[in-house]
Amino acid sequence: MSDEKSLNFLEEIVDSDLKAGKYKQIITRFPPEPNGYLHMGHAKSICLNFGLALKYGGYTNLRFDDTNPVTEDTEYVESIKNDVQWLGFQWKHELYASDYFAQLYGFGIKLIEKGLAYVDDSTSEEIAAQKGTPTQPGTDSPYRNRSKEENLKLFQEMKEGKYPDGAKVLRARIDMGHINMHMRDPILYRIKHAHHHRTGDTWCIYPMYDFAHGQSDAIEQITHSICTLEFIPHRELYDWFIAKLELYPSHQYEFARLNMTYTVMSKRKLLQLVNEKYVAGWDDPRMPTLSGVRRRGYTPESIREFCDKIGVAKRENLIDVGLLEFCVREHLNKISLRRMVVFDPLKVIITNYPEGKGEMLAGENNPEDPNATTRDVPFSREIYIEQEDFMEVAPKKFFRLAPGQMVRLKNAYIIRCESVVKDSAGKIQALHCTYIPESRSGSDTSGINVKGTLHWVSVQHAVPVETRLYDRLFKVEDLGDAEGDFKSYLNPDSLQVVQAYAEPALLEATTAERYQFLRKGYFCLDPDSTHTKLVFNRTVTLRDMWAKEAKKD
RNA sequence: UGUCCGAUGGUGUAACUGGCAACACGCCUGAUUUUGAUUCAGGAAAGUCCAGGUUCGAGCCCUGGUCGGACAACCA
């Protein structure tokens with residue numbers, strides 16, 4: 001039995017490259033376009049790229065692929081940097097494709113000089129028509145055979161701003177009959193009189209992705225350039241530019257992007273949800289964005305663990321969100337502070353507990369922590385328990401509170417339900433219970449054994465808090481498979497706001513801590529909280545076998 | 001009609017590179033438990049897309065199919 005985990009296909013490539021002495025160190029890059037916020041799919045890529053460099057020795061650059069000024073913005077740059085660091089990774093160099101605009105322009109000239117690029121006056125429709133189809137070869141542009149001198153002059157004039165947007169493009173001169181559509185004289189440069197978030201107005205021509213990405217990799221001497229499957233057909237072009245331009249031979253490798261059940265993972269769709277106000281913003285806790293899951297209370301540790309567990313391969317996949325939730329619970333169970341909060345109160349009056357009396361009980365902050373400390377929990381004659389923890393007529397498997405039944409109050413006493421107080425309409429108003437004085441937690445001499453333990457909050461000490469309970473954003477498991485507008489599958493109940501009653505220890509809650517509301521789930525303080533109003537987000541529920549059992553009937 | 005990529009339990013990922021399919025999630029059962037949580041023990045679940053072939057032996061190799069996906073933005 002080997003205790004070493006088997007390598008994924010990319011690790012195998014890196015491993016064998018290193019063993020073959022191909023590189024002394026590996027260099028990877030994470031290349032987001034600053035036109036949206038990072039999501040869980042990016043997390044997979046980040047963990048992969050940074051993880052590879054960390055594991056095999058080397059480093060990772062953060063490079064913004066900012067070649068399209070009309071969609072990009074510094075707001076996104078800042079959020080992306082923040083998200084990568086939050087996830088726990090540090091890049092070696094912060095770079096921008098726009099840093100290479102001058103060099104890239106030079107590469108364009110070089111290709112023209114080699115007779116491998118030309119300026120085309122065709123419209124975008126004409127160019128599209130020239131492309132042909134995957135099964136039919138394309139046709140040459142009428143401008144394909146311009147002289148080098150003319151191309152050089154025209155390209156320079158494009159750069160100088162002599163032409164309006166769309167008037168001309170620079171195209172590679174490869175083969176309009178090529179079996180690979182991407183090799184049919186792809187566009188290298190287009191004219192966009194647009195303000196760039198970094199270069200301002202110095203350029204009015206901008207390189208296309210294909211003409212920028214590989215060359216940027218080469219300039220940075222990236223050894224392994226890792227991207228998603230849809231770029232497979234681009235690889236031939238990627239290699240062509242490097243060969244013709246005689247650059248450092250970076251290599252592109254592709255892996256399957258992450259898909260998760262009950263959510264979408266495309267920037268375009270996420271942007272739509274934000275713009276059309278289906279969610280409160282990029283950091284809405286229901287969003288699969290990193291800012292969203294962060295606000296929801298997911299920890300970077302749990303996301304890294306998740307990325308490790310899902311593996312890396314080339315086959316398309318749909319990961320069960322349940323796995324992410326498992327990773328989150330696993331981590332939160334270890335670190336969160338236990339607190340009691342009642343969401344749907346039912347008043348319990350402990351009739352044999354003296355009126356006006358109160359006492360402080362000790363509650364463990366975290367039973368998973370060997371150096372457990374405790375917090376004070378006030379107890380008194382009137383408390384709240386959950387409505388759902390009481391049943392007037394209970395099935396045999398129900399071992400919570402019912403008339404004549406006994407339960408333990410967590411960190412406190414065993415109580416017995418003596419009677420039910422109802423209003424004229426027969427609605428339950430409160431429960432009258434008695435407590436067993438010698439059953440106090442920590443000094444229980446009663447000898448009584450009960451099956452159920454309930455969380456509770458003292459009525460007079462209860463702190464009203466707002467809780468936001470999240471459910472899956474969409475109703476269907478596989479959005480990729482769903483017909484029509486993806487927004488028609490939104491789950492109308494994905495957010496539920498509930499006013500709840502918390503124990504006073506929560507008054508000191510901070511955003512740095514994570515909390516487990518006993519028997520309810522993991523929660524974190526939301527930044528919307530003020531001194532007078534605490535707001536908690538439910539990160540994830542606890543596993544609930546009883547809910548499953550109850551559903552069986 | 002083309003080219004490329006892929007195919008292993010419900011979901012993912014493995015399989016010492018040709019040696020009788022493993023791990024995780026989920027599911028089921030039981031134990032422990034002052035959270036029906038956690039933890040622990042056990043179980044069900046694929047014979048590896050199909051058909052041939054090579055071989056003592058094939059999930060891994062070969063041939064031919066089938067199915068799924070990608071590819072025709074002045075997006076990345």
Side-chain angles (χ1 to χ4, degrees), chain A residues 1-2 5-8 12 31-33 35 65-68 70-72 120 122-124 127-138 165-171 178-182 184 187-192 205-206 208-210 212-213 227 229-236 254 256 261 267-268 309-320 322-327 329-330 333-334 338 340 364 367-368 397-400 407-412 414 439 441-442 444 449-455 480 516-521 541-550:
Chain A
M1 260 293 209
S2 169
K5 209 185 150 194
S6 57
L7 305 179
N8 66 49
E12 269 174 10
E33 183 189 10
N35 68 345
D65 236 325
D66 56 350
T67 58
N68 185 4
V70 307
T71 59
E72 295 153 8
D120 195 335
S122 304
T123 64
S124 61
I127 290 177
Q130 289 160 18
K131 283 263 175 179
T133 71
T135 52
Q136 285 164 248
D165 288 8
K168 288 178 166 39
V169 292
L170 181 70
R171 286 229 256 172
H178 201 107
I179 203 78
N180 182 344
M181 299 281 296
H182 294 274
R184 322 240 260 230
I187 294 171
L188 272 30
Y189 266 94
R190 74 291 215 187
I191 300 170
K192 274 180 194 277
I205 56 171
Y206 293 92
M208 297 288 288
Y209 164 84
D210 285 308
H213 202 102
C227 59
L229 256 28
E230 65 269 29
F231 290 97
I232 290 177
H234 294 249
R235 191 174 60 226
E236 194 170 6
E254 311 85 9
T261 54
K267 263 197 274 187
R268 200 194 99 250
K309 275 184 156 56
I310 59 177
V312 179
K314 296 189 76 162
R315 96 178 77 150
E316 276 149 34
N317 57 77
L318 179 62
I319 309 283
D320 188 345
L323 183 61
L324 213 209
E325 294 176 343
F326 168 83
C327 294
R329 290 191 185 103
E330 190 180 42
N333 176 49
K334 294 188 187 116
R338 313 296 138 127
M340 295 196 285
E364 270 185 315
E368 303 294 319
K397 280 184 180 165
F398 184 84
F399 43 84
R400 274 115 100 142
V407 293
R408 158 136 251 138
L409 294 175
K410 180 74 180 175
N411 300 132
I414 290 172
S439 67
S441 285
D444 184 352
N449 252 335
V450 293
K451 279 209 110 179
T453 299
L454 309 184
H455 63 280
Q516 184 198 102
F517 292 178
L518 249 50
R519 307 206 301 138
K520 283 305 193 183
T541 59
L542 255 30
R543 279 183 76 217
D544 191 348
M545 295 306 278
W546 169 244
K548 213 174 283 177
E549 184 67 37

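Naming convention: chains lettered A, B, ... in sequence-line order (proteins, then strands); numbering from 1 in each chain. Since this is a predicted model, take the numbers as computed values, not measurements. Atom set for the values below is all heavy atoms of this structure, side chains included, hydrogens, waters and symmetry mates excluded.
- At the heavy-atom level, A:Glu236 lies nowhere under 4.0 Å from the strands shown.
- The CZ-P distance, from A:Arg315 to B:rC5, rounds to 16 Å in whole Å.
- Base pairing analysis places B:rG68 opposite B:rC5; the two distances defining the Watson-Crick or G-U wobble pair are each below 3.5 Å.
- Among the atoms of the strands shown, none is found under 4.0 Å from any heavy atom of A:His455.
- In terms of position on RNA chain B, the residue among A:Ala313 and A:Leu409 whose nearest nucleotide sits closer to the 5' end is A:Ala313.
- Pairing of B:rC23, defined by two Watson-Crick or G-U wobble distances under 3.5 Å, is identified with B:rG12.
- Nucleotide B:rG42 is shown with an anti base, its glycosidic torsion being more than 90° from 0.
- Here A:Lys410 lies in heavy-atom contact (under 4.0 Å) with a base.
- Taking atom CD of A:Glu316 as the reference point, atom P of B:rC71 lies 10 Å away to the nearest angstrom.
- Checking A:Val312 against A:Arg408, the closest nucleotide of RNA chain B that is more toward the 5' end is the one next to A:Val312.
- From A:Arg408, atom CZ reaches atom CD1 of A:Ile414 across 4.5 Å, with rounding to the nearest 0.5 Å.
- Pairing for B:rU63 is with B:rA51, a Watson-Crick or G-U wobble pair whose two hydrogen-bonding atom distances lie under 3.5 Å.
- Checked against B:rU35, B:rG36, B:rA37, the side chain of A:Phe399 finds its nearest nucleotide in B:rG36.
- Across every strand in view, B:rA41 sits in a pair with B:rU29 that passes the Watson-Crick or G-U test at under 3.5 angstrom.
- Against the 90° criterion about 0, the sugar-base torsion of B:rU17 places it in the syn range.
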